[in-house]
S.K.: 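Structure in C-alpha cells, see below.
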Amino acid sequence: MSQPCFSTSRKFRDEDIPVRLTYDDVLLVPKKSNIKSRRDVHTRTMLSRNVMLNVPIVGANMDTVCEVDMSIALARAGGIGILHRFCSVEEQCRMVEKVKRAQSYHIYNPRSVSPTDTIKEALVTMEYDYGSKYGISSVVVLEGDKLVGILTRTDIQFHQSSTNILVKDVMIPKEKLITTTNVDISISEAQKIMHDGRISNLPVVGSDFTLKFLITATDICKLLQNSNATMDLEGRLRVGAAVGVKKGDLARARKLVEVGADVLVIDIAHGHSLLEIEMLKLLKEDPVIRSKNVDIIAGNICTAKAAEDLIAAGADGLKVGVGPGSICITRKVAGAGMPQLSALFEVCPIANAARVPVIADGGVRLSGDVSKALAAGASTVMLGSTLAGTDESPGSLLVKDGKKVKVVRGMAGYGANMAKNERENQSQDNIFEMTPEGVEGIVPYKGGAQGIINSMVGGLRSGISYCGASNIPEMQQMCDFVRITSAGLQESGHHDISKM
C-alpha cells in the first residue's frame with residue numbers, strides 16, 4: 001500500500017499575504033478639467049490589436065446575454081457582442097451570418113434565386129414567415145453570376161400558396177431595373193439615384209450585367225442612423241465569437257471565420273493553462289484564420305505571469321477576471337481568484353507594454369465601475385448580467401412577484417450545460433458529474449439595451465472628465481486612486497433618505 005506523500009510546507013505569515021482590491025475599495029481623485037461639455041469626451045478604444053470600438057462595451061459570451069439581437073444592438077451603438085459557444089457550430093455560424101447581414105453598404109453575395117425557381121423555393125431563400133424578424137424583403141435573380149431581375153415581397157404577396165408559378169413570371173426583369181456600373185459610388189450618389197428613381201435596391205453591375213454587389217435603401221438608412229457603429233471594411237457590423245479548447249474547436253473556429261467573425265475569443269475559466277496556450281498557438285498558426293487576419297483574444301486570467309505567457313503565445317487581446325461576475329462562484333467552489341481591480345493592476349502594465357488590449361470581464365455593476373476599470377488600464381469592459389434583463393437578451397420575459405424578470409446564468413453551471421447538450425443533441429447522462437462554478441438567477445427587466453449602453457457610456461464620459469482627461473488613454477495617464485473605508489463606501493451611495 002502506497003504511503004501518502006508530504007511536501008515541505010511553505011511558511012506563510014500574515015504580512016506575507018498581500019491585500020487585493022476591487023472596484024468598491026477605491027475612488028478616482030477629481031482633477032482640474034478643461035472639458036466644456038462631456039459630449040467632447042471621446043470613448044474610442046481597442047478591443048484587440050486590430051479591432052477598434054467607438055465605445056468600450058463588450059457583450060459577454062453567455063447564452064442568456066449575447067446572441068444575434070444583442071450583438072446587433074451593441075455593434076450599432078459602437079461596441080461589440082461576443083456570441084457564445086454553447087450551441088452547435090452550425091447555429092453559431094448562422095448567428096454570425098445574421099449579424100453580418102443586418103447592416104452593410106455593399107452587400108456582396110446577396111441572397112439570390114434562379115429565374116426557374118418556384119415561388120415556394122424563393123420564400124425559403126427569403127426566410128419569409130409572415131413578418132419574420134430576420135426575413136428579407138427582396139432577392140436578386142441570377143443566372144450564374146449575371147443579374148436578370150429582382151424579386152420583392154410585393155411581387156409575390158398574392159402567390160405565396162402557389163406551387164407552379166416561377167420566379168421569372170413575377171420578378172422585375174433587368175430591363176426595368178435601375179442599375180449602375182460605378183463600383184466606387186458614394187452613399188450620397190446612391191441616395192440620389194434611389195430617390196430620383198423611387199427604388200429601394202440599386203444593383204452595381206459590370207458591363208455584361210455581372211453582379212458586383214447590391215446597395216439597399218434600408219442599409220443606407222441604418223448607416224446614417226448609426227454613425228457610431230462598429231463596422232468592418234465592407235461596412236458590415238462587427239461581431240466576435242467564442243471557441244473552446246477541446247477537440248473540434250479548431251474546426252469551429254475555421255467555420256466561424258469563414259462566415260465572417262471578426263474576432264475569436266478562447267472561452268475557458270482558467271486561461272493560464274497549457275490547454276489555452278496550445279489552442280492559442282493553433283489558432284494563430286492556422287492558415288484559414290491567418291488569411292482572414294482575425295484577432296484572437298485569450299482568457300480568463302488575473303496575474304502578470306499569465307499575461308506574459310499568453311502574449312508570448314500570440315494573444316491579440318486578454319480577458320481579465322477570475323470570479324468577479326455576479327453569477328460566477330469559482331472563488332467559492334475552487335477557492336481561487338483575484339479581486340478584479342488588483343487583477344487589472346497586475347495584468348495591464350504587462351499587456352499595455354506589449355500593446356495588447358485588455359478586457360475587464362466581470363464585477364461591473366455601475367458606470368463608475370467602468371471608469372475605474374478603464375483607469376486601471378483596461379481598454380474595454382465586458383458586461384453580462386447588466387445586459388441580461390434587456391429586450392435584446394435571449395430568453396422570455398417572466399413574471400415573479402408581479403415584476404417582469406429575465407433569467408441569467410453562469411456558463412459553468414448545470415443549466416447552461418444542459419441547454420448546450422440539448423442544442424447539440426447530446427446526452428445529459430453525465431451532466432451532474434461536473435462541479436458547477438456558475439449559478440442561475442433572475443434580473444429585473446430593463447427595456448432596450450440602448451438605455452443601458454447610454455447610461456454606462458455617459459457615466460464613463462463623466463469619469464474621464466473628473467480625471468482631467470478628454471479620452472481613455474489620457475485618463476489612464478492622469479488618474480489617481482484613493483482607497484476608502486466601508487464608511488466611505490456607504491457615504492458614496494444614497495443615504496439618510498428613503499429612496500423613491
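Quick caveat: nothing in here was measured; it's all calculated off a predicted structure. Counting from 1, the numbers follow the sequence of the chain as shown.
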S.K.: Using side-chain hydrogen bond (donor to acceptor under 3.5 Å, both in side chains) as the criterion, list what pairs up with Ser188, not counting sequence neighbours.
M.R.: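 By the side-chain hydrogen bond (donor to acceptor under 3.5 Å, both in side chains) rule, Ser188 matches Ser186.
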S.K.: Kindly say whether Cys348 contributes a backbone atom to a donor-acceptor pair with the side chain of Asn352 at under 3.5 angstrom?
M.R.: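 Flag set: sc Asn352 to bb Cys348 pair under 3.5 Å.
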S.K.: Are any non-hydrogen side-chain atoms of Leu147 and Leu177 less than 4.5 angstrom apart?
M.R.: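 Yes, close enough: below the 4.5 Å cut-off.
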S.K.: Between Leu256 and Gln92, is there a side-chain heavy-atom distance shorter than 4.5 Å?
M.R.: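 Gln92 vs Leu256: side chains touch.
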S.K.: Residues in side-chain contact (heavy atoms from CB on, under 4.5 Å) with Lys292, at least two apart?
M.R.: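 Lys292 satisfies side-chain contact (heavy atoms from CB on, under 4.5 Å) with Val257, Val294 once adjacent residues are dropped.
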S.K.: Checking Arg365 now: which residues fulfil salt bridge (Lys or Arg N to Asp or Glu O under 4.0 Å) with it, not counting sequence neighbours?
M.R.: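 Arg365 satisfies salt bridge (Lys or Arg N to Asp or Glu O under 4.0 Å) with Asp24 once adjacent residues are dropped.
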S.K.: Does any non-hydrogen side-chain atom of Gln191 lie less than 4.5 Å from one of Ile220?
M.R.: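 The answer is yes; the side chains approach within 4.5 Å.
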S.K.: Step by step, would you call Met62 with Val408 a side-chain contact (heavy atoms from CB on, under 4.5 Å)?
M.R.: CA-CA 9 Å; Met62 298 163 59; Val408 61; 3.9 Å; yes
S.K.: Quick one: salt bridge (Lys or Arg N to Asp or Glu O under 4.0 Å) partners of Arg94, sequence neighbours excluded?
M.R.: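 Checked Arg94 against salt bridge (Lys or Arg N to Asp or Glu O under 4.0 Å); zero matches.
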S.K.: Is any side-chain heavy atom of Asp361 closer than 4.5 Å to a side-chain heavy atom of Val320?
M.R.: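 Side chain of Asp361 against side chain of Val320, heavy atoms only: no contact under 4.5 Å found.
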S.K.: Is there side-chain contact between Val204 and Phe213, with heavy atoms separated by less than 4.5 Å?
M.R.: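 The answer is yes, as the side chains (C-beta and beyond) meet within the 4.5 Å cut-off.
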S.K.: For residues 261-282, which residue pairs pass the salt bridge (charged side-chain N to carboxylate O under 4.0 Å, His left out) check, not counting sequence neighbours?
M.R.: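 For residues 261-282: Arg85-Asp267, Lys100-Asp262, Arg238-Asp262.
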S.K.: For Glu67, does its backbone N or O pair with a side-chain atom of Ser71 as donor and acceptor, under 3.5 Å?
M.R.: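 Yes; judged by distance alone, with no hydrogens or angles, the pair exists.
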S.K.: Please list, chain by chain and in numerical order, all residues satisfying salt bridge (Lys or Arg N to Asp or Glu O under 4.0 Å) with Asp309, sequence neighbours excluded.
M.R.: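 With neighbours one apart ignored, the set is Lys305.
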S.K.: Under the side chain to side chain donor-acceptor pair (under 3.5 Å) rule, what do Asn293 and Asn50 come out as? Steps first, then yes or no, please.
M.R.: CA-CA 9 Å; Asn293 296 316; Asn50 301 296; over 6 Å; no
S.K.: Distance check, rounded to the nearest 0.5 Å: Ile215 atom CD1 versus Glu189 atom CD?
M.R.: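 That separation rounds to 9.5 Å.
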S.K.: Output all residues satisfying side-chain contact (heavy atoms from CB on, under 4.5 Å) with Asp208, sequence neighbours left out; order by chain, then residue number.
M.R.: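 Asp208 satisfies side-chain contact (heavy atoms from CB on, under 4.5 Å) with Lys146, Thr210 only.
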S.K.: Whether the Ser48 and Asp316 side chains hold a donor-acceptor pair (N or O, under 3.5 Å, no angle test) is what I'd like checked.
M.R.: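 Absent: no donor and acceptor within the cut-off.
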S.K.: Show the atom names and distances, to 0.1 Å, of all donor-acceptor pairs under 3.5 Å that link a side chain in residues 224-231 to residues at least two apart or in another chain.
M.R.:
from   : atom 1 : to     : atom 2 : distance (Å)
Asn226 : ND2    : Lys222 : O      : 2.8
Thr230 : OG1    : Gly78  : O      : 2.8
Thr230 : OG1    : Gly79  : O      : 2.9

S.K.: Measure the shortest side-chain to side-chain distance between Leu47 and Val263 over non-hydrogen atoms and say whether it is less than 4.5 angstrom.
M.R.: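 With C-beta onward as the side chain, the pair touches.
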S.K.: Can you sort out the partners of Arg38 under side-chain hydrogen bond (donor to acceptor under 3.5 Å, both in side chains), two or more places apart, ordered by chain and number?
M.R.: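 Ser462.
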S.K.: Which pair of non-hydrogen atoms, one from Pro56 and one from Ile472, has the smallest distance, and what is that distance?
M.R.: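 Scanning both residues completely, I find the closest heavy atoms to be CG-CD1, 4.1 Å.
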S.K.: With side-chain contact (heavy atoms from CB on, under 4.5 Å) as the criterion, how do Leu374 and Met475 come out once you've worked through the C-alpha distance, each side chain's angles and the decisive distance to 0.1 Å?
M.R.: CA-CA 8 Å; Leu374 299 185; Met475 177 175 69; 3.7 Å; yes
S.K.: Is Glu143 reaching over with its side chain to a backbone N or O of Val148, donor-acceptor style, under 3.5 angstrom?
M.R.: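 It does not hold such a pair.
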S.K.: Donor-acceptor pair, His84 side chain versus Phe86 backbone, under 3.5 Å?
M.R.: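 Answer holds: yes.
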S.K.: How long is the gap from NZ on Lys446 to CD1 on Ile452, to the nearest 0.5 Å?
M.R.: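 Rounded to the nearest 0.5 Å, the NZ-CD1 separation comes to 5.5 Å.
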S.K.: From Ile107 CD1 over to Thr218 OG1, what is the distance, rounded to the nearest 0.5 angstrom?
M.R.: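 With rounding to 0.5 Å, CD1 (Ile107) is 8.5 Å from OG1 (Thr218).
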S.K.: Of all residues at least two apart in sequence or in a different chain, which pass the side-chain contact (heavy atoms from CB on, under 4.5 Å) check with Leu166?
M.R.: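 For Leu166, the residues satisfying side-chain contact (heavy atoms from CB on, under 4.5 Å) (neighbours in sequence not counted) are Thr118, Lys168, Asp169.
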S.K.: Apply side-chain contact (heavy atoms from CB on, under 4.5 Å) to Val170 and Ile119, showing your working.
M.R.: CA-CA 9 Å; Val170 295; Ile119 296 301; 3.5 Å; yes
S.K.: Apply the test side-chain contact (heavy atoms from CB on, under 4.5 Å) to residues Ser393 and Thr390: give CA-CA distance (whole Å), side-chain angles for both, the deciding distance (0.1 Å), then the verdict.
M.R.: CA-CA 5 Å; Ser393 64; Thr390 60; 4.0 Å; yes
S.K.: Do you see a donor-acceptor pair shorter than 3.5 Å between the side chains of Gln103 and Arg76?
M.R.: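 Arg76 and Gln103 do have a side-chain donor-acceptor pair below 3.5 Å.
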S.K.: My understanding is that only residues two or more places apart in sequence, or in another chain, count here; which of them pass side-chain contact (heavy atoms from CB on, under 4.5 Å) with Arg254?
M.R.: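 Here the qualifying residues are Leu250, Asp286, Val288.
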S.K.: Within the 3.5 Å criterion, strictly below it, is a donor on Thr216 or Asp219 matched to an acceptor on the partner's side chain?
M.R.: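 Note: Thr216 and Asp219 side chains meet the donor-acceptor criterion.
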S.K.: Taking atom NZ as the centre, does Lys284 end up with more than 12 heavy-atom neighbours from other residues, nucleotides or ligands that are less than 6.0 angstrom away?
M.R.: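 Check passes, neighbour count above 12.
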S.K.: For a quick test of reading the model, state the closest non-hydrogen atom pair linking Ala298 to Leu280 and the distance between them.
M.R.: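 In this case the closest contact between Ala298 and Leu280 is CB-CD2, 4.3 Å.
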S.K.: Going from CD1 on Ile178 to CD1 on Ile193, what distance comes out if it is rounded to the nearest 0.5 angstrom?
M.R.: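 So the CD1 of Ile178 and the CD1 of Ile193 are separated by 8.5 Å.
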S.K.: Verify, without hydrogens or angle tests, whether Thr43 (side chain) and Asn54 (backbone) share a donor-acceptor contact under 3.5 angstrom.
M.R.: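 It does hold such a pair.
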S.K.: Identify the heavy atoms of Val113 and Ala122 that sit nearest to each other, and give their distance.
M.R.: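 Closest pair (atom of Val113, atom of Ala122, distance): CG1-CA, 4.0 Å.
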S.K.: So, does Asp232 use its side chain to make a donor-acceptor pair with the main chain of Arg236 at under 3.5 Å?
M.R.: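 Yes; judged by distance alone, with no hydrogens or angles, the pair exists.
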S.K.: Taking Thr181's backbone N and O only, do any of them form a donor-acceptor pair with Lys212's side chain (distance below 3.5 Å, no angle check)?
M.R.: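 Flag not set: sc Lys212 to bb Thr181 has no pair under 3.5 Å.
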S.K.: Between Leu211 and Pro110, is any pair of side-chain heavy atoms under 4.5 Å apart?
M.R.: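 They are in side-chain contact.
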S.K.: Between Asp249 (side chain only) and Arg252 (backbone N and O only), is there a donor and an acceptor less than 3.5 Å apart?
M.R.: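 No, because the side chain of Asp249 does not come within donor-acceptor range (under 3.5 Å) of the backbone of Arg252.
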S.K.: Are Ser114 and Thr116 linked by a side-chain donor-acceptor pair shorter than 3.5 Å?
M.R.: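 Present: a donor and an acceptor within the cut-off.
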S.K.: Could you measure the distance from the OG1 atom of Thr45 to the CG atom of Leu53? Nearest 0.5 Å is fine.
M.R.: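 These two atoms lie 7.0 Å from each other.
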S.K.: Could you list the donor-acceptor pairs under 3.5 angstrom formed by side chains in residues 378-389, with sequence neighbours left out?
M.R.:
from   : atom 1 : to     : atom 2 : distance (Å)
Ser385 : OG     : Ser326 : OG     : 3.0
Thr386 : OG1    : Val364 : O      : 3.3

S.K.: Is NZ or CZ of Lys174 both nearer than 6.0 Å to the six-membered ring centre of Phe209 and within 45° of the ring axis?
M.R.: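 Relative to the ring axis of Phe209, which defines the angle, Lys174 lies inside both limits.
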S.K.: Tell me if a side-chain donor or acceptor on Tyr105 pairs with a main-chain N or O of Ile187 at a distance below 3.5 Å.
M.R.: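 Flag set: sc Tyr105 to bb Ile187 pair under 3.5 Å.
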S.K.: With heavy-atom distances below 4.5 Å as the criterion, would you say the side chains of Ile150 and Val139 are in contact?
M.R.: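 With C-beta onward as the side chain, the pair stays apart.
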S.K.: What distance separates Thr154 OG1 from Ile172 CD1, expressed to the nearest 0.5 Å?
M.R.: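 One gets 8.0 Å once the value is rounded to the nearest 0.5 Å.
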S.K.: What verdict does the side chain to side chain donor-acceptor pair (under 3.5 Å) test give for Asp40 and Ser37, after you've listed the backbone C-alpha separation in whole Å, the side-chain angles of each residue and the deciding distance to 0.1 Å?
M.R.: CA-CA 6 Å; Asp40 298 332; Ser37 168; 4.7 Å; no
S.K.: Given 3.5 Å as the limit, does a donor-acceptor pair link the side chain of Lys319 with the main chain of Ile297, or not?
M.R.: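 Side chain of Lys319 to backbone of Ile297, a donor-acceptor pair under 3.5 Å: no, none is there.
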